[in-house]
Amino acid sequence: MNGFGGFLLRRAAGTLITLLAVSVLVYVVFYATPGNVAQITCGPRCSPEQVHQVAAQLRLDDPLYLRYFHFLEGLFVGQDYSTGTSVEHCAVPCLGLSYQSDQQVMTLLLAKLPVSLSLVAGAMVLWLVIGVGTGVLSAWRRGRLSERVLTVLTLAGWATPVFVLGLVLMIVVCGELQLLPFPQYVRFGDDPEQWAWNLLLPWLSLALIEAAAFARLTRSAMLETLAEDHIRTFRAYGVGERAIVGRHALRGALAPVIALNANNVGSAIGGAVLTETLFGLPGIGQELVHAVKVVDLPVVVGMVLVVAFFVVIANAVADILYALADRRVVLA
C-alpha cells in the first residue's frame, strides 16, 4: 500500500511483531533456562510443597511451546491461579502472581507506574526545552564565547552520573540553600502543586543528563541545516537570522531529535531505577530492585515486559512523528 495509511499499517505490523519477539525472548531468558525454575521463582525459603505448587502453575512438565502459549493466554485471555484455599482469576493482561506477596503483578505495576511516568514525563519536558534550546543557541552563536561555555557545560552534563548530580542537587538545594524540601512523593490527585515541587529535583537530575545529548545532537543538526542551499537563499532574499533559525533551520533539525527522544523516553522508564532509589520514589524502579533481591521472577518478568512495551511503542510513535516532519520517509 502507498501513502501515509500504508505507512501506518506497516509500522503497526512491525510493532506487533517486535512485541511478540520481545515476549518470546523474555520468556526464554527467565523461564526456559537451565536450573530449577520453580525453586528460583518460589524463592529459597519455599517448602517442597510450595515448589511443587509453583511448578504446577508454571506447567513445567509441559513442552516449551505449550508453556509459552499459556503465557500468551494469560496476556490476552487471563488465567486462574490456585492460592491453596481458593481460585483467583487474573484478568487481562495477566502477568502472573507475585510469589512474595500473592498479589497480581499487574496490580503492583499499576500502583507503581504513575510514579515512574510522572518522573519521565516531567523530565522529558525539561530535557527537550533545555537540550534543544541549548543546541539551537550553540549553533546560532557558533565560534563565540557563549558557544564555548555551552559546549563545556554540555560535556560536563553528559559525563556526570545521575546519582552524583542528584546527590549534589539535594545537598545544595535542599540542605545548604533550603530552597526545596527533601523530595517525598505526593500523588497528583491529592495536591498538584506539592506533586510538582517534590518531583522538581528528580526531574532536574534526570533531565540535565539527557539534555546534554539533545544539545549536542541539535547543535550538529542545526549546523548541517544552516549550511544547506535553501538557507543561503533565504539569507540572499533578506530574511532575518532569527526567522531562519526559528522557522526553517529548526524544523529541518527536528527529525533526529524526535528519534532520540523516543529512545530516551522508553529507556528512561527502565533507567529511572537510580533516580527513584536516590530520591525514595515508589516507582517501578524501586519495585524492580526489590523483586530482584527476593528473586520474585513473575514481578521481574512483568517489569521487563512493561518497560520493553514502552520502548517499542515510543519508537513506533517516533516513526510516525518522523514521517509527519519529513514526508519523504513515507515513500522510503
Using side chain to side chain contact (heavy atoms under 4.5 Å, CB included), reason through His70 and Arg67 one step at a time and then give a plain yes or no.
CA-CA 5 Å; His70 289 300; Arg67 289 157 56 189; 5.7 Å; no
From Leu95 CG over to Leu109 CG, what is the distance, rounded to the nearest 0.5 angstrom?
6.5 Å
Quick one: does Ser116's side chain have a donor or acceptor within less than 3.5 Å of a partner on Leu113's backbone?
no
Are Leu20 and Leu72 close enough that some pair of their side-chain heavy atoms sits under 4.5 Å apart?
yes
Between Asn315 (side chain) and Val311 (backbone), is there a donor-acceptor pair under 3.5 Å?
yes
How long is the span from the CG atom in Leu204 to the CG atom in Leu165, to the nearest 0.5 Å?
8.0 Å
What distance separates Leu200 CG from Leu169 CG, expressed to the nearest 0.5 Å?
9.0 Å
Rounded distance [0.5 Å steps], CG in Asn198 versus CD in Glu193:
10.5 Å
Thr18 OG1 to Leu25 CG distance, which is reported to the nearest 0.5 Å:
12.0 Å
Are Val136 and Val132 side-chain neighbours, meaning at least one heavy-atom pair lies under 4.5 Å?
yes
Would His290 and Glu287 count as having a side-chain donor-acceptor pair, cut-off 3.5 Å?
no
Within this structure, what is the CG-CH2 distance for the pair Leu208 and Trp127, rounded to the nearest 0.5 Å?
12.0 Å
Check the pair Ser101 / Leu108 against side chain to side chain contact (heavy atoms under 4.5 Å, CB included), numbers first and verdict last.
CA-CA 10 Å; Ser101 63; Leu108 292 173; 4.2 Å; yes
